[in-house]
Amino acid sequence: MPWTRQHLLGLEELTKEEILEILDTAASFKEVSTRSIKKINALQGKVVVNLFFEASTRTSNSFALAAKRLSADTMSFSSSGSSVSKGETLIDTALNIQAMGVDAFVIRHSAPGAPHLLARHVNVPVINAGDGCHEHPTQGLLDMFTIREVFGRFEGLTVAILGDIRHSRVARSNAWGLRKLGARVILAGPPTLVPQAIGAALGVEVSHDIDAVIAEADVLNCLRIQFERKAANYFPGTREYAAIYGLNAERMKHCKKDAIIMHPGPINRGIELTPDLADGERSVILDQVQNGLAVRMAVLFLCMGAKPEKRTA
Ligand code: CP
């Protein structure tokens, strides 16, 4: 089925076939990064704008490099040092940048729905690079790409997403996508950070027994405690959190033989997982980062290449 979406705003609205089309396109782009000249001219002459209103290392650099690998020009915008600090609105900012003749916006914003609002006001593709606690679709996609690369399938797999689910856009995008692809998803962590209502809303399981979940999971995706969103108010202290809910070598003695450990980054080493596990043989954390580049190339390529007369939201 040919891709028709102009925007990538979340995985909730994508079909299984659309998710697989992105993963398959990403698989075809992964090889580009192994060439001596790491470039194809698919988006030559186009301009991709990175609008980052929140901090980022992986996502902002990955999108910038993905655009360059496709031969697009890039512009980077961050709120500090811009006229946002003088009170300019998101929409005015975007419309002024659009007037310079740009071809896509990649946006990260602390407000859930900011990319959706932007998409209603500009006439070029909008890619959500993380909107508050809502969705982080390209992180979800690169996680799925990495899981498929290791296991070759989704059906029959149990994916545990551990930690600060309450504040996590990564958990939401993973849950929507993995469910559609046929994986079993368990959200796990302290009851305060993993309320039953979130599992019910996403249609996935919830558990507060980390050891039971470790024993069942093929994939353990550890999420960061989001201290900047006041997550520390939801448990007594980081030492207790690490002891009761963190991944460590002792706990991992009871995992499945081929279980893998994922983390979207940035890691709070020693809290959600110990450094030996983050850097150990089960870890695919840097593979996730590598795969993120191919996934973002695919997303830019598909959204910017969708024929205007066939585009859907
Ligand atoms: N995983 C992720 O979104 O990382 P950054 O915040 O560094 O972009």
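Numbering of ligands and ligand atoms starts at 1, following listing order.
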Handout entry: Geometric N/O contact T57 with ligand 1, under 3.5 angstrom
Key = yes
Exercise for the section: Using distance alone, determine whether P266 and ligand 1 share an N or O pair under 3.5 Å. Expected result: no
Exercise for the section: Begin from the C-alpha positions of L14 and I22 and carry the test side-chain contact (heavy atoms from CB on, under 4.5 Å) through to its verdict. Expected result: CA-CA 11 Å; L14 294 198; I22 297 172; 3.9 Å; yes
Handout entry: Option whose closest heavy atom lies nearest to atom 1 (N) of ligand 1, chosen from A129, A55, S60, P264
Key = P264
Handout entry: Identity of the nearest option to atom 8 (O) of ligand 1, non-hydrogen atoms only, from G265, S56, S62, G292
Key = S56
Problem - Salt bridge present between D211 and R251 (N-O < 4.0 angstrom) - result: yes
Exercise for the section: Hey, could you give me the CZ/NE2 distance between R224 and H167, rounded to the nearest 0.5 Å? Expected result: 11.0 Å
Practice task
Verify side-chain contact (heavy atoms from CB on, under 4.5 Å) between T74 and N50, making sure each step is shown before the conclusion.
Solution key: CA-CA 7 Å; T74 56; N50 258 350; over 6 Å; no
Practice task
Measure from the side-chain N and O atoms of S173 to the backbone N and O of V170, and report whether any donor-acceptor pair falls under 3.5 Å.
Solution key: no
Could you identify the single nearest non-hydrogen protein atom to [atom] and state the distance to 0.1 Å?
{"atom": "atom 6 (O) of ligand 1", "result": "R108 NH1, 2.9 Å"}
{"atom": "atom 2 (C) of ligand 1", "result": "T59 OG1, 3.5 Å"}
{"atom": "atom 4 (O) of ligand 1", "result": "R58 NE, 3.0 Å"}

Practice task
Mind telling me whether F77 and F53 have parallel, tilted or perpendicular rings, with 30° and 60° as the class edges?
Solution key: tilted
